[in-house]
Amino acid sequence: ATRQAHAHDDYELVVDIDAHTVEFQFWDEIIGFVESDVLRHDAKAMLRGLSQGNALLKVPTGTNFQSVGGRIPHGHAIAEPTDGPGSGGGHRFAQLMRRSMDAMGLDYQVVFPSAMLLLGLHTMDDVEVNLAQAFNRWIIESVLPSEDRLLGMLYLPFNTPDACVRMIERHAHDPRVIGYTVTSTRNKPVHHNSYMKLYRLIEETGKPLSFHTGFHWGDPSFAQLNRFISMHALSFAHYNMIHLTNWLINGLPERFPELKLLWVEAGLAWIPFLMQRLDHEAMMRPSEAPSLKRLPSEYMREMYFTSQPMERANLKLLQATMEAMSAETQLLYASDWPHWDFDPPSTVTSLPFLSEQAKRNILGLNAARLFDLPVARRRARLAETDAPRRAAE
């Protein structure tokens with residue numbers, strides 16, 4: 001990735017919209033921020049027992065195939081050593097992400113959780129609320145102060161709308177929080193009336209709302225799939241398609257026209273499919289979408305999407321997809337580091353059909369516009385950071 005980063009070393013800004021913590025490594029720290037005395041006590045007791053670092057979470061530990069038989073270890077832990085707490089390097093996670101930013105030539109990384117992306121399916125809503133509060137405080141109070149190139153998206157416990165409102169009111173003015181995220185792997189319809197106050201509040205903050213998708217082995221329709229590759233191919237697109245469809249057909253773009261939406265980690269191939277499918281249905285049955293004043297695809301072209309995982313097997317299809325979704329202005333680069341299928345910035349810079357300006361927009365300038373970030377280089381020149389690797393070669 002560092003060798004490839006020379007292709008964008010002169011870009012004004014490079015922003016990674018989707019990087020992840022491996023919470024299991026820091027779960028005892030995060031649990032310490034749980035505000036419920038009872039749940040905090042229970043979680044600490046679980047950590048002393050058999051929870052293996054996932055106390056209170058709803059995680060299928062027996063079916064985690066992402067490491068591909070252990071050949072890709074970063075899915076479980078970033079195990080490389082870091083400097084101790086008194087070294088001045090800051091929190092261990094901040095040190096690890098600083099290395100990834102320097103290696104890939106990034107100015108900023110936006111941090112999401114990993115295992116907590118399944119938390120929306122938890123049967124105990126109070127657990128989601130308490131873990132969301134704990135994770136947000138851990139990121140804001142322990143991690144972000146150690147590295148000002150890291151940015152946070154506030155995790156919203158979407159099963160409890162009132163708690164989401166309180167959380168935004170608590171953190172809305174924190175400059176280190178650049179937006180809000182809902183985990184898409186859940187069964188709550190986004191158009192329910194209970195969310196309208198929340199959407200209005202987010203719209204008023206001017207910060208975007210993101211839907212970060214994932215997978216779920218327990219979904220009855222996916223129970224037929226017998227390989228992780230099948231699950232990964234379908235589920236990440238599936239959940240975002242459901243929520244985006246409900247958002248459009250129920251007229252939320254007209255009700256909240258200034259609310260900026262970002263759809264994360266579903267790739268790109270599903271976007272033109274949904275555009276065509278919903279346009280067709282809306283023209284055939286307009287009475288069932290009476291709030292829409294335009295075709296669904298027109299609203300989708302005003303939404304934002306992240307690039308990872310970018311389907312590059314057929315570049316002609318990828319080019320048509322990017323043209324359909326107005327990628328030059330609406331697509332944001334994402335790496336998904338440190339997960340097994342992460343994409344370095346070269347996935348964008350190496351595309352032959354993109355103009356130089358489109359590459360600069362996707363790698364950073366679109367993010368600057370969406371998140372109101374300064375267009376100012378924060379990363380060191382590769383001539384400095386890449387010297388040890390070149391000397392070794």
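For the pairing with Tyr11, the side-chain hydrogen bond (donor to acceptor under 3.5 Å, both in side chains) check across Lys359, Arg360, Glu356 returns one residue only, Glu356.
The heavy-atom pair separating Val22 from Pro338 by the smallest distance is CG2-CG, 4.1 Å. For Ser355 against Glu328, the heavy-atom pair with the smallest separation is OG-OE2, 4.2 Å. When all heavy atoms of His232 and Phe236 are compared, the closest pair comes out as CD2-CE1, 3.4 Å.
A salt bridge links Glu141 with Arg137: the distance from a Lys NZ or Arg NE/NH1/NH2 to an Asp or Glu carboxylate oxygen falls below 4.0 Å. Ion pair Arg170/Glu35 flagged as a salt bridge, since at least one NZ, NE, NH1 or NH2 atom sits closer than 4.0 Å to an Asp/Glu carboxylate oxygen. Arg166 and Glu169 are not joined by a salt bridge, as no carboxylate oxygen comes within less than 4.0 angstrom of a charged side-chain nitrogen. One finds a salt bridge joining Asp9 and Arg377 here, because a Lys/Arg side-chain nitrogen approaches an Asp/Glu carboxylate oxygen to under 4.0 Å. Residues Glu203 and Arg200 are paired through a salt bridge, judged by an N-O separation under 4.0 Å between the basic side chain and the carboxylate.
Residues Tyr180 and Ile140 share a single hydrophobic cluster, defined by chaining ILVMFWY side chains whose heavy atoms lie under 4.5 Å apart. Both Leu154 and Phe135 are part of a single hydrophobic cluster, where members link through side-chain heavy atoms under 4.5 Å apart. Under a hydrophobic-cluster definition in which Ile, Leu, Val, Met, Phe, Trp and Tyr are linked whenever side-chain heavy atoms come within less than 4.5 Å, directly or via other members, Leu252 and Tyr304 are assigned to different clusters. Following chains of ILVMFWY side-chain contacts shorter than 4.5 Å, one cannot reach Leu209 starting from Ile178, and the two form parts of different hydrophobic clusters. Cluster membership check: Val143 shares its hydrophobic cluster with Trp337, using side-chain heavy-atom separations under 4.5 Å among Ile, Leu, Val, Met, Phe, Trp and Tyr.
Using modelled atom types and a 3.5 Å distance limit, the side chains of Arg312 and Ser350 yield a donor-acceptor pair. Tyr155 and Gln133 form no side-chain donor-acceptor contact under 3.5 Å, judged by distance and modelled atom types alone. Side-chain polar atoms of Arg301 and Ser326 form no donor-acceptor pair below 3.5 angstrom. A donor-acceptor pair shorter than 3.5 Å can be found between the side chains of Gln308 and Asp341. When only modelled atom types and interatomic distance are considered, Ser335 and Asp343 share no side-chain donor-acceptor pair under 3.5 Å.
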*Before giving the answer on side chain to side chain donor-acceptor pair (under 3.5 Å), spell out for His339 and Asp336 the whole-Å C-alpha distance, their side-chain angles and the decisive distance to 0.1 Å.*
CA-CA 6 Å; His339 293 165; Asp336 195 37; 3.2 Å; yes
*Would Asp18 and Thr306 satisfy side chain to side chain donor-acceptor pair (under 3.5 Å), going step by step from the backbone distance to the final call?*
CA-CA 8 Å; Asp18 183 25; Thr306 61; 5.4 Å; no
_Checking Tyr239 against Phe215 for the ring-ring contact (aromatic ring centres under 6.0 Å, His included) test, could you report, in this order, the C-alpha distance in whole Å, the side-chain angles of both residues, the deciding distance, and whether it holds?_
CA-CA 8 Å; Tyr239 290 106; Phe215 68 94; 9.4 Å; no
*For Asn361 and Leu331, run side chain to side chain contact (heavy atoms under 4.5 Å, CB included): C-alpha distance rounded to whole Å, both residues' side-chain angles, the deciding distance at 0.1 Å, then the answer.*
CA-CA 8 Å; Asn361 290 352; Leu331 182 61; over 6 Å; no
_As a quick check of understanding, evaluate side chain to side chain contact (heavy atoms under 4.5 Å, CB included) for Trp247 and Ile242, giving each step before the final call._
CA-CA 9 Å; Trp247 189 278; Ile242 289 176; over 6 Å; no
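Counting heavy atoms of neighbouring residues, nucleotides and ligands inside a 6.0 Å radius, atom CZ of Arg277 does not exceed 12 of them. Around atom CG of Asp125, more than 12 heavy atoms belonging to other residues, nucleotides or ligands sit under 6.0 Å away. Enclosure of atom CD in Gln224 is not indicated, since only 12 or fewer non-hydrogen atoms of other residues, nucleotides or ligands lie within 6.0 angstrom. Summarising the local packing, NE2 of His192 is surrounded by 12 or fewer heavy atoms from other residues, nucleotides or ligands at distances under 6.0 Å.
A donor-acceptor pair is defined here as one N or O able to donate and one able to accept, closer than 3.5 Å; no such pair exists between the side chain of Thr181 and the backbone of Met153. Under the 3.5 Å distance criterion, the side-chain polar atoms of Trp138 are left unmatched by any main-chain donor or acceptor of Phe33.
Under the 30°/60° scheme for interplanar angles, the aromatic rings of His91 and Phe26 are found to be tilted.
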Per-pair distances, 0.1 Å, donor-acceptor, side chain in residues 257-266, under 3.5 Å, sequence neighbours excluded:
{"residue": "Lys260", "atom": "NZ", "partner": "Gly206", "partner atom": "O", "Å": "2.7"}
{"residue": "Lys260", "atom": "NZ", "partner": "Leu370", "partner atom": "O", "Å": "3.2"}
{"residue": "Glu265", "atom": "OE1", "partner": "His20", "partner atom": "NE2", "Å": "3.3"}
{"residue": "Glu265", "atom": "OE1", "partner": "His212", "partner atom": "NE2", "Å": "2.9"}

Could you give the side-chain donor-acceptor pairs of residues 94-112 under 3.5 Å, partners two or more places apart or in another chain?
{"residue": "Gln95", "atom": "OE1", "partner": "Asp83", "partner atom": "N", "Å": "2.9"}
{"residue": "Gln95", "atom": "NE2", "partner": "Asp83", "partner atom": "O", "Å": "3.0"}
{"residue": "Gln95", "atom": "NE2", "partner": "Gly90", "partner atom": "O", "Å": "2.9"}
{"residue": "Arg98", "atom": "NE", "partner": "Glu147", "partner atom": "OE1", "Å": "2.4"}
{"residue": "Arg98", "atom": "NH1", "partner": "Gly89", "partner atom": "O", "Å": "3.1"}
{"residue": "Arg98", "atom": "NH2", "partner": "Gly89", "partner atom": "O", "Å": "3.0"}
{"residue": "Arg98", "atom": "NH2", "partner": "Ser146", "partner atom": "O", "Å": "3.0"}
{"residue": "Arg98", "atom": "NH2", "partner": "Glu147", "partner atom": "OE1", "Å": "3.3"}
{"residue": "Arg99", "atom": "NH1", "partner": "Pro81", "partner atom": "O", "Å": "2.9"}
{"residue": "Arg99", "atom": "NH2", "partner": "Pro81", "partner atom": "O", "Å": "2.9"}
{"residue": "Ser100", "atom": "OG", "partner": "Met97", "partner atom": "O", "Å": "2.8"}
{"residue": "Ser100", "atom": "OG", "partner": "Gln109", "partner atom": "OE1", "Å": "3.0"}
{"residue": "Ser100", "atom": "OG", "partner": "Gln109", "partner atom": "NE2", "Å": "3.4"}
{"residue": "Asp102", "atom": "OD1", "partner": "Arg149", "partner atom": "NH1", "Å": "3.0"}
{"residue": "Asp102", "atom": "OD1", "partner": "Arg149", "partner atom": "NH2", "Å": "3.4"}
{"residue": "Asp107", "atom": "OD1", "partner": "Arg378", "partner atom": "N", "Å": "2.6"}
{"residue": "Asp107", "atom": "OD1", "partner": "Arg379", "partner atom": "N", "Å": "2.8"}
{"residue": "Asp107", "atom": "OD1", "partner": "Arg379", "partner atom": "NH1", "Å": "3.3"}
{"residue": "Asp107", "atom": "OD2", "partner": "Val14", "partner atom": "N", "Å": "2.7"}
{"residue": "Asp107", "atom": "OD2", "partner": "Arg379", "partner atom": "NH1", "Å": "2.5"}
{"residue": "Tyr108", "atom": "OH", "partner": "Arg378", "partner atom": "NH1", "Å": "3.2"}
{"residue": "Gln109", "atom": "NE2", "partner": "Asp16", "partner atom": "OD2", "Å": "3.0"}

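Here the side chains of Tyr199 and Arg255 are not in contact, with every heavy-atom distance at 4.5 Å or above.
With rounding to the nearest 0.5 angstrom, the CG atom of Asn130 is 8.5 Å from the CG atom of Leu56. To the nearest 0.5 Å, atom CG of residue Leu332 and atom OG of residue Ser307 are 8.0 Å apart. Taking OG of Ser291 as the reference point, atom CG of Asn250 lies at 8.0 Å (rounded to 0.5 Å).
Residues that satisfy the salt bridge (Lys or Arg N to Asp or Glu O under 4.0 Å) test with Arg381, not counting sequence neighbours, are absent from this structure.
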